[in-house]
Amino acid sequence: KQEVTQIPAALSVPEGENLVLNCSFTDSAIYNLQWFRQDPGKGLTSLLLIQSSQREQTSGRLNASLDKSSGRSTLYIAASQPGDSATYLCAAYSTGANSKLTFGKGITLSVRP
Amino acid sequence: GAVVSQHPSRVICKSGTSVKIECRSLDFQATTMFWYRQFPKKSLMLMATSNEGSKATYEQGVEKDKFLINHASLTLSTLTVTSAHPEDSSFYICSARDGTGRYEQYFGPGTRLTVT
């Protein structure tokens, strides 16, 4: 059974700092790994999707990496801004008969002006 | 990118009544749709998976008679919470996947259900 862990649960940084959000998963048999952003009371916004054959994806100030062998993914945010404050969720899409997307509990990021 | 809508965004209902939530894929055909539930400060919990024209597959512990799912077309799935109780109050999110093989899910904006 796939388990996805995100530690720490919360993070507070000053504006302008570069930061890394970590995600680990127990089962490396995945189709892909996705990073989402969720604002309070809102749905999910997809940020980046890394296919299992890829090592990283980039979009603007965001860069996500994937290391299947170690069961880890990171989301790098460059030059953080107060508008980046949100909860960031990673999710691994497992292969096999019980194929589904398994979410971590998320990291709540606060970027202080 | 692909867009998924949900309606309503918020609903308040009395205990014992039923509530229907709609999920639509607006610009693609969703061969598979998913319904999630999210408790405060918790992650998303998959409730069920439905393929168009088939019965939904429910996750362990989810009552299929309480949470009725219909996926009658390639663009519409509905979740009906029957005989709602206050403990059913939650944030319900649907997502949809196309048949391209990328296994990418597109999420709706969610529905906040409050049962009084």
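Excluded from the calculations below are hydrogen atoms, water molecules and symmetry mates; all remaining heavy atoms, backbone and side chain alike, are included. Nothing here was measured: the structure is a model prediction, and the numbers come from that model. Below, chains carry the letters A, B, ... as their sequence lines are ordered, and counting in each starts from 1.
Residue S99(A) touches chain B through its side chain alone, counting heavy-atom pairs closer than 4.5 Å. Contact of L44(A) with chain B is made through backbone and side chain together, with heavy-atom distances under 4.5 Å. Heavy-atom distances place no part of Q6(A) under 4.5 Å from chain B, backbone and side chain included. Only the side chain of K100(A) has a heavy atom closer than 4.5 Å to any heavy atom of chain B. Within the 4.5 angstrom heavy-atom criterion, no atom of Q6(B) approaches chain A.
With sequence neighbours excluded, no residue satisfies salt bridge (Lys or Arg N to Asp or Glu O under 4.0 Å) with K64(B). The ring pair (Phe, Tyr, Trp, His ring centres under 6.0 Å) check on F103(A) picks up F36(A), Y36(B), F107(B), with sequence neighbours excluded.
In summary, the side chains of D27(A) and S94(A) do not present any donor paired with an acceptor at a separation below 3.5 Å, with no hydrogens or angles considered.
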N22(A) and T74(A): side chain to side chain donor-acceptor pair (under 3.5 Å), yes or no, with the steps? CA-CA 5 Å; N22(A) 294 305; T74(A) 61; 5.5 Å; no
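L76(B) shares a hydrophobic cluster with no other residue; no ILVMFWY side chain has heavy atoms under 4.5 Å from its own.
The closest side-chain heavy-atom distance from L49(A) to W35(A) is not below 4.5 Å. Side-chain contact check for Q81(A) versus R61(A): some heavy-atom pair is nearer than 4.5 Å.
Using a cut-off of 4.0 Å between Lys/Arg side-chain N and Asp/Glu carboxylate O, E22(B) and K20(B) are scored as not salt-bridged.
The interface of residues 77-95 of chain B with chain A, defined by heavy-atom distances below 4.5 Å, comprises F91(B), I93(B).
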